[in-house]
> 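Structure provided below as structure tokens; questions to follow.
Order of appearance sets the numbers: ligands from 1, and atoms from 1 within every ligand. Treat the numbers as computed from the prediction; the structure is a model and nothing was measured.
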Amino acid sequence: MTISERLRGKVVLITGAANGIGAATATLFAKAGAAIGLIDKDADGLAKMASTLSGAGHKVHAVPGSVTEPADIKRVVDETVERFGPITVLVNNAGVTLTRPFMDTTMADIDFLVGVNLKGLVLASQAVIPHMIAAGGGAIVHDASNAGIVGRPWQPFYGATKAGIVSLTKSMALAHARDGVRVNCICPGSIDTPMLRGALASSGNFDQNWRRTSMVIPMGRIGEADDIAFATLFLASDEAKYITGVALPVDGGRTAGVAETSHLTMESQSS
Ligand SMILES: NC(=O)c1ccc[n+]([C@@H]2O[C@H](COP(=O)([O-])OP(=O)(O)OC[C@H]3O[C@@H](n4cnc5c(N)ncnc54)[C@H](O)[C@@H]3O)[C@@H](O)[C@H]2O)c1
């Protein structure tokens, strides 16, 4: 099957599609033959994204807005369905992060993270699932994080919202399995996007943080947005038709084990 056939005929909604992983996912999904609805609060970035995709002949409809606003979600869902037909793939990608230790975290910080990362995802899912059920099924892919699988003391509530997404993925998958709606999530590691670059720059020396981050990844490099987009394409496509309730790490092996103990293996080999 060629790339242009993998999502042919599907109508997809992608949140947070103006930058980073969402932009890479929108670009790949358009090449895979999908008609795409996009929403992002970065109106300029979204307009550029939409014009690039439509200029390349793809079907795209972009609505500037926030996933935290029910009216914005309703608008992008209604308009996408009106233009292209029922949405049968949803990528809940919009997310925000915050680097702040547990003891310094405020209630406003928690509201901010929960508002976008969890409430936004719930709003979009609740708006789209009835269309999927009416169409006989669909696929939802959430962008969680490997911070939802292991602890991350410098981003404790970001991690807590992502662990919430991992849990919701499983509950939603079970609730909608008989409706033909599959629900999975990706747990990206460190991926080169404006979010990661911002986080590395905000906590000191960017170049040093980039090197240190790369060093603790077993595969030895920070990931690319495409690494996540390709995994999302698989889970969204009919190729994954028997997969639901899965949290898939795409992180160069970061959560596979404790890479720091690799010196033990090296010592035993040299003795
Ligand atoms: N980059 C990483 O290393 C990494 C790692 C793990 C998980 N993730 C997750 O992947 C997803 C995408 O991350 P990214 O690195 O591409 O981030 P990014 O900040 O580079 O891009 C996120 C996009 O979401 C949009 N957005 C933010 N809040 C929004 C809102 N309320 N409504 C609509 N749009 C909104 C932003 O405008 C932006 O275009 C996020 O959920 C993030 O938590 C990223």
Side-chain angles (χ1 to χ4, degrees), residues 13-28 37-50 62-77 90-99 111-124 127 141-150 152 154-155 157-166 168-169 185-203 209-210 213-214 216-217 221-229 231-232 247-252 254-255:
L13 175 62
I14 303 175
T15 70
N19 300 285
I21 292 168
T25 305
T27 305
L28 183 64
L38 310 173
I39 180 169
D40 201 297
K41 69 179 175 53
D42 171 3
D44 292 345
L46 188 69
K48 273 189 208 136
M49 187 69 211
V63 172
S66 174
V67 294
T68 60
E69 292 300 325
D72 294 346
I73 289 289
K74 182 173 173 0
R75 188 179 153 211
V76 71
V77 170
L90 168 64
V91 181
N92 275 313
N93 162 79
V96 287
T97 193
L98 182 70
T99 301
D111 287 345
F112 168 63
L113 290 163
V114 169
V116 180
N117 296 355
L118 282 171
K119 285 189 187 165
L121 171 151
V122 171
L123 278 176
V141 185
H142 304 309
D143 274 323
S145 168
N146 64 4
I149 304 176
V150 295
R152 190 179 282 184
W154 62 98
Q155 292 177 330
F157 281 93
Y158 174 72
T161 60
K162 296 301 185 175
I165 295 176
V166 170
L168 266 180
T169 297
C185 72
I186 307 272
C187 295
S190 299
I191 307 297
D192 184 4
T193 67
M195 176 186 281
L196 179 75
R197 286 178 173 262
L200 295 183
S202 71
S203 28
N209 287 339
W210 183 275
T213 303
S214 308
V216 296
I217 297 168
R221 69 167 174 89
I222 284 172
E224 295 158 8
D226 261 1
D227 294 326
I228 306 305
T232 309
L248 177 67
V250 182
D251 65 356
R254 182 77 171 102
T255 47

> How many angstroms lie between atom CD1 of Ile222 and atom CD of Glu224, to the nearest 0.5 angstrom?
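Between Ile222 CD1 and Glu224 CD, I get 11.0 Å after rounding to 0.5 Å.
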
> Can you measure from CG (Leu118) to CG (Leu168) and round to the nearest 0.5 angstrom?
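Output value for this atom pair is 6.5 Å.
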
> Of the protein's non-hydrogen atoms, which lies at the shortest distance from atom 16 (O) of ligand 1, and what is that distance?
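Minimum-distance protein heavy atom for atom 16 (O) of ligand 1 reads Ile21 N, 2.8 Å.
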
> Would you check whether Ile191 has a nitrogen or oxygen atom less than 3.5 angstrom from a nitrogen or oxygen atom of ligand 1?
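Yes, there is a polar N/O contact under 3.5 Å.
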
> What is the nearest protein non-hydrogen atom to atom 40 (C) of ligand 1, stated with its residue, atom name and distance?
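It is Asn93 O, 3.2 Å.
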
> Taking the minimum heavy-atom distance to atom 5 (C) of ligand 1, which of Ser145, Gly189, Ser190 ranks first?
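Closest candidate by heavy-atom distance is Gly189.
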
> Under the side-chain contact (heavy atoms from CB on, under 4.5 Å) criterion, do Leu200 and Thr213 qualify, and how do the steps go?
CA-CA 9 Å; Leu200 295 183; Thr213 303; 3.6 Å; yes

> Who's the nearest protein heavy-atom neighbour of atom 23 (C) of ligand 1, and how far?
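Of the protein heavy atoms, Gly16 O, 3.6 Å lies nearest.
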
> Can you report which non-hydrogen protein atom sits closest to atom 27 (C) of ligand 1, along with the distance?
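Atom 27 (C) of ligand 1 sits closest to the protein heavy atom Lys41 CE, 3.6 Å.
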
> Got an N/O contact under 3.5 Å between Asp40 and ligand 1?
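In this structure, Asp40 places an N or O atom under 3.5 Å from an N or O of ligand 1.
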
> Considering the heavy atoms of Lys162, write down every atom of ligand 1 situated less than 4.0 Å from one of them.
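Listed by number with element, the hits are 40 (C), 41 (O), 42 (C), 43 (O).
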
> Look at atom 15 (O) of ligand 1 and say which protein heavy atom is nearest, naming residue and atom and giving the distance to 0.1 Å.
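Here the nearest protein heavy atom works out to Thr193 OG1, 2.5 Å.
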
> In terms of residue, atom name and distance, what is the protein heavy atom nearest to atom 18 (P) of ligand 1?
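Sorting protein heavy atoms by distance from atom 18 (P) of ligand 1 puts Met195 CB, 3.7 Å first.
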
> Under 4.0 Å from a heavy atom of Gly20: give me the atoms of ligand 1 that qualify, with their elements.
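With Gly20 as reference, the close atoms of ligand 1 come out as 16 (O).
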
> Quick one: does Ala144 get a heavy atom under 4.0 Å from ligand 1?
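Yes.
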
> Closest non-hydrogen protein atom to atom 32 (N) of ligand 1, residue and atom name please, with distance?
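The protein heavy atom lying closest is Val67 N, 3.0 Å.
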
> Does Gly65 come within less than 4.0 Å of ligand 1, judged by its heavy atoms?
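A heavy atom of Gly65 does come that close to ligand 1.
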
> Kindly indicate whether the side chain of Asn117, heavy atoms from C-beta on, has any atom under 4.5 Å from the side chain of Val96.
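Counting from C-beta outward, Asn117 and Val96 do come under 4.5 Å.
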
> Could you tell me the residue and atom name of the protein heavy atom closest to atom 22 (C) of ligand 1, and the distance to it rounded to 0.1 Å?
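Going atom by atom, the protein heavy atom closest to atom 22 (C) of ligand 1 ends up being Gly95 O, 4.3 Å.
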
> Show the nearest heavy-atom pair for residues Val166 and Gly148, with the distance to one decimal.
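Where Val166 meets Gly148 most closely, the heavy atoms are CG2-O, 4.3 Å.
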
> Taking all heavy atoms of Trp210 and all of Leu196, pick out the closest pair and write down the distance.
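Taking Trp210 first and Leu196 second, the nearest heavy atoms are CZ3-CD2, 4.3 Å.
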
> What is the minimum heavy-atom distance between Val116 and Gly95, and which atoms define it?
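Looking at all heavy atoms of both residues, the closest pair is CG1-CA, 4.0 Å.
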
> Would you give the length of the straight line joining atom CG of Asn209 to atom OG of Ser214, rounded to the nearest 0.5 angstrom?
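Rounded to the nearest 0.5 Å, the CG-OG separation comes out at 10.5 Å.
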
> Would you check if Asp251 and Ile217 make a side-chain contact, meaning some heavy-atom pair closer than 4.5 Å?
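Not touching, per the 4.5 Å side-chain cut-off.
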
> Looking only at heavy atoms, what is the nearest atom pair of Leu46 and Ala18, with distance?
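So the two residues come closest at N-CB, 3.5 Å.
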
> With heavy atoms of Tyr158 as the reference, note each atom of ligand 1 found under 4.0 Å away.
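Answer, ordered by atom number: 6 (C), 7 (C), 8 (N), 9 (C), 42 (C), 43 (O).
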
